[in-house]
Amino acid sequence: MDADSLHYSLELVAGSGNILNTEHRTALQTSLLILRKNYKFNRVLFWGKIMGIKEDYFIAQGRGDDELKDKKNLYSFNCMDWFLLPPATIPMIEEVSKAATGRFMGDASHVYENTILKKVGDEDEVEEELVKTTEEHRLAVTIHLIDDESSVIPRGAFIKNPHGFVQVNRCFEGLTESQAAKLDSFLHFRDPKTLKKKSLLELSELNQTIDFLDLLTDDVPKGMWSLQFENANKVLILRCLLWLGMTFYHVPMTPQHGYIYIGDGVRNLDLSFML
Amino acid sequence: MPKPRQLAPLDGEEQRLYYELLLGDRCPDPISKGAPCHPWTKEENPLPNVNEISFFLEQAGVGLGREETQRTFLALKQLVDSQELLRCRLWGKILGIESNYYIAEVEGKELDEEEEEQPDRTEEEQKDADTDDKEENAVPQSTYKPPPVVPKETVGTGANKFLYYVCKEPGLPWIKLPSVTPAQIDVSRQIRKLFTGRLEAPVKSYPPFPGNEANYLRAQIARISAGTHVSPQGFFLIMEEEDDEEGEPLQDSYDVNPDFEGIPVSEMAESLSTWVHHVQHILPQGRCTWLNLSMKPSEDIDEDEDMEEAEEEPDEPEPEVGPPLLTPLSQDAELFNTPPWTSKMSSTLTSVHAIAVLRSNLWQGGHAYASGKKFENIYVGWGVKSAGDGFSPSVPPTPLKEYVGDEEITEVPDPTPRDERELAEALVAAQEEMEGSDREDESDDDY
C-alpha cells in the first residue's frame, strides 16, 4: 500500500489479524520518505512483512516510471535501515525453488542447502548435486512470486499510456458497490499470461487502456480468492488463499485501494485439499 | 433479541462481600497494578476489558483494528448481558472464505443438561421403530459390532471445559457451538480444510468428518486452545484434590495464584521455560483423560469356547499419557524442523515498558503476550495447523481380499462338456458291469 495512505489503510486491512506496531508505523512514515528521496522513486509502497522464525522482514517496494516493470524491493529488520534486494532472474528462481524449503529463518545470510539427485547423461547413474542459496535470494524470489501470483488492482486503476508505460490512473474514482462485489472487476498486476489465450471475440470487447491485464477469475484453482465486505460493509477485502496473508482492500466509490502481504512467505500448496 | 436480564439488587451480605473484595488486594481499576489481573480473576463482572487487551496486542502486532475491536467489545457485552456467565473472554477470530467467525470463550453458571438428554431420546425413538419392523419382517441381524465409540467428555471437563459462542459479524446474534467429541478431534487431526463461513456447511473430506462445519470449528478451537494457550509460569497453580479413588491427584483443575509476582519481561522474551501451557493436552484418543475401552473378560464368557478365547486376548491397551498440565514450553516438540514458538520483545527502542510477545509457528495466528502480572492469548488466523512441506491426505484402505477358507466356499471350475461326457460314459460302463455281474449271479443261483 502507498506510503502516503499508510496510516489509514492499515486499519482497513487489519481484519486479517496482523497490524503494525505504533513504533513501526512512525518509523515507516519517515524512513519511506527518505527512501523515496534517496532512490528517486516515483512512489514508495509498504509491501508487507515476511515473518521468519527469529526475525521478521519488513519489505518496501519502490516504483519508477513504468509501474509494472520498474519495481525495486528493499528489506529491513527495524523499518529504519533498508537494504536493496537483487531483482529476481529466472536462474535465481530455479536455484531457490530447488534449495529453499521450510520457513524463513530471519537471518539474511542464512544459507539453504539441498542435495538433489541428477541423472548423468544417458546412463542410469545418478549424481548428487548440492544446491545452495542464500536467504536474501529467497526473499527476492518470494516477493517476485507473490507479486506475480497474487497482486491485485481494481479494473481501471491503472492505464497504459501510448508509450506503453503503465501508470496510475488519476481519473479513477473507484468501483461501484455492485461492481466491487464481483470478482471479475479485479485484475492481476503482472505481465499478462492468460490474456493472450482469450478468443478474438472476447479481446474485441476489451478496452486497451485498462484491460491489458489478466482477470482474477481466470485463476486456477477457481476458489482461490475470498471476497468479503468487512468493517460494517464499508471495505471490500480480497484474500488470496494460495499465499495466506495476502490481503487486498478497496473502498468502493473512492480511489482508495491497495494490497499488503503479512505472512510467512510460503506458498499454500495444499490449497486443493483445503477448498 | 431477548431482553437482557435485570441484575437482582444485592442484599446485605452480598454487598458486604462486594466491598470487601474492593478493599482487599483487588483494585477496582484494572490498569493499575493490583492483584494478578486476568479476565478470570474478576468475579464481579464477566465482561473482559477488551480495550486494554487490544492495547497490548497492538504493541505485539496482532489485532483487528481499533473500530473492529470496539465493535467486538460491544458484541461481547451483548453476550454477557443475555446469558448468565461466570467468565467470558474473546478467544479470537477465524477467517473463512465467505465470512469470518468471531469466537468468545465463556464459562456458564449452569451445566447444559438439556443437551445430554436429547440424544438419548432420539436413540430410544429409533429403538422403538426397529422393534416394530422386527415384528413384521424377520430380517436376519448382522453380527458385526462396530468398535466402541469413545464417549465425549462431560461439559466442564477436559476439552469441553469452556463453552464457545460464535458470530459472523459483531452485531449479529451469537450462536452456541456444540460440545466436541473425541471422534471429531481425531478426524480433524487428519484433514486440512478451510472454513467457508457457514456453520451448517458440510465438511467433505476423507476420512469423513462426523459433523458439519460447526463441529469442525469446535474441534479446531479445542486443538488450538490445547496447543497455544499459555501463561507465565507461576500464574496458575494446580489445585490438588484429595478425595480420589486411584490415589493420584487429578491434574485438570487449576486456579489463579494470588502470590504471583510477575516475571521480568526480558526473561519472558528470552527463554521459553517461563511460559507454561494451562490447557490440558489432548491425547491421541481425542480426550484429555484416557478411557479404557476394552471390555472386561467376565462379560464375554458365555460358553467354554469363549473362555479359551478370552485367555488368549492380548494385554489390555496401555493408557495414553500426555504431558501434565502446566508444563513449560521448552518441552514442546519441534515439528518439521521449525521451533514451535518465536518469542520477542515488542519494542527494542523503548524496552523499559515493552511487553513479551510469543508467536506460535505451528498454529499460525496464535499469539500470547505478557507484561508484569497481565497476560492474554488470542488466535487470529485461518484455523489450520502448519503441515510442514506438504500435507498428504490419508489414503483409503486397501480393498479386502477374498475370504480364504472352507472347501465348501472355495470356487471350483465347472466341468467342461467333454468331462461330463467321459463321466457319463464311465458311469454307464460301470452300471453295465454291475448288471452283467448281477445276471451272472442270478443265473448261477437259478441253476
Side-chain angles (χ1 to χ4, degrees), chain A residues 8-27 49 51-56 58 77-80 101-106 223-235 237 239 241 244-245 247 262-264 266-275, chain B residues 54 57-69 71 92-100 169-171 191-197 204-206 336-339 341-342 344 346-350 354 357 359 361 364-365 367 378-382 384 386-393:
Chain A
Y8 65 80
S9 38
L10 277 176
E11 280 289 308
L12 297 171
V13 288
S16 305
N18 288 301
I19 53 180
L20 283 187
N21 211 339
T22 329
E23 192 185 301
H24 294 142
R25 254 188 279 186
T26 25
K49 208 167 133 182
M51 312 219 255
I53 292 183
K54 291 181 213 145
E55 292 288 338
D56 301 338
F58 293 87
F77 291 108
N78 55 5
C79 292
M80 288 185 290
T101 51
R103 304 276 307 274
F104 275 87
M105 278 298 139
M224 198 172 110
W225 294 93
S226 149
L227 190 132
Q228 287 175 29
F229 275 93
E230 280 206 5
N231 232 354
N233 268 8
K234 197 178 86 166
V235 190
I237 299 278
R239 288 200 184 97
L241 301 175
L244 288 174
T247 316
I262 300 187
D264 58 356
V266 174
R267 192 196 256 124
N268 183 16
L269 289 167
D270 313 324
L271 184 59
S272 338
F273 295 118
M274 291 164 80
L275 285 175
Chain B
S54 73
L57 286 174
E58 194 183 311
Q59 290 189 33
V62 187
L64 298 171
R66 297 260 173 94
E67 282 90 14
E68 200 69 30
T69 325
R71 263 184 236 122
K93 177 177 176 185
I94 288 192
L95 304 170
I97 300 179
E98 290 165 32
S99 75
N100 310 317
E169 183 93 24
I191 63 177
R192 197 149 194 254
K193 288 288 252 183
L194 289 172
F195 292 93
T196 57
K204 292 183 208 164
S205 64
Y206 184 78
F336 316 120
N337 288 335
T338 54
W341 297 92
T342 300
K344 46 165 73 140
S346 65
S347 151
T348 43
L349 294 175
T350 53
V357 177
R359 188 174 73 209
N361 289 329
Q364 272 171 26
H367 292 86
I378 197 168
Y379 180 86
V380 184
W382 293 90
V384 287
S386 151
D389 277 337
F391 161 73
S392 15

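Chain letters run A, B, ... following the sequence lines, proteins first, then strands; residues in each count from 1.
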Q | Residue part contacting chain B, namely of A:Lys49, when any heavy atom lies under 4.5 Å | A | neither

Q) For A:Asn268, is it the side chain, the backbone, both, or neither that has a heavy atom closer than 4.5 Å to a heavy atom of chain B? A) side chain

Q: Sort out for me which of A:Met105, A:Met51, A:Glu23 touches chain B most, counting heavy-atom pairs under 4.5 Å.
A: A:Glu23

**Q.** Winner by heavy-atom pair count (cut-off under 4.5 Å) against chain A, out of B:Lys204, B:His367, B:Arg71, B:Glu68
**A.** B:Arg71

Q) chain A: which of B:Ser99, B:Pro339, B:Gly171 shares the most heavy-atom pairs with it under 4.5 Å? A) B:Ser99

**Q.** Atom group of A:Arg267 that falls short of 4.5 Å from chain B, counting heavy atoms
**A.** neither

Q: Give, as side chain, backbone, both or neither, the part of B:Gln364 having an atom under 4.5 angstrom from any heavy atom of chain A.
A: side chain

**Q.** Among A:Leu10, A:Val13, A:Ile262, A:Leu241, residue most engaged with chain B (heavy-atom pairs, under 4.5 Å)
**A.** A:Leu241

Q. Between B:Ser347 and chain A, which part of the residue has a heavy atom less than 4.5 Å away: side chain, backbone, both or neither?
A. both

Q | Residue part contacting chain B, namely of A:Ile53, when any heavy atom lies under 4.5 Å | A | both

Q. Among A:Ser16, A:Gly263, A:Gly223, A:Gly106, which residue forms the greatest number of heavy-atom pairs with chain B at distances under 4.5 Å?
A. A:Ser16

(Q) Counting heavy-atom pairs closer than 4.5 Å to chain A, which one of B:Thr338, B:Thr342, B:Leu194, B:Thr196 comes out on top? (A) B:Leu194

Q. Which atoms of B:Glu67 come close to chain A, meaning under 4.5 Å heavy atom to heavy atom: side chain ones, backbone ones, both, or neither?
A. both

Q: Return the option, out of A:Arg103, A:His24, A:Glu55, with the maximum number of heavy-atom pairs under 4.5 Å with chain B.
A: A:Arg103

Q: Would you please test B:Arg359 and A:Asp56 for salt bridge (Lys or Arg N to Asp or Glu O under 4.0 Å) and show each step?
A: CA-CA 12 Å; B:Arg359 188 174 73 209; A:Asp56 301 338; 3.3 Å; yes

Q: Using non-hydrogen atoms and a 4.5 Å limit, figure out which bit of A:Leu12 sits close to chain B: side chain, backbone, both or neither.
A: neither

Q.
For the interface with chain A, which of B:Thr69, B:Ile378, B:Leu57, B:Val62 has the highest count of heavy-atom pairs at distances below 4.5 Å?
A. B:Val62

**Q.** Top contributor to chain A interface from B:Gly65, B:Ala60, B:Gly63 [non-hydrogen pairs under 4.5 Å]
**A.** B:Gly63

(Q) I'd like to know which of B:Asn361, B:Ile191, B:Val384 tops the heavy-atom pair count under 4.5 Å against chain A. (A) B:Asn361

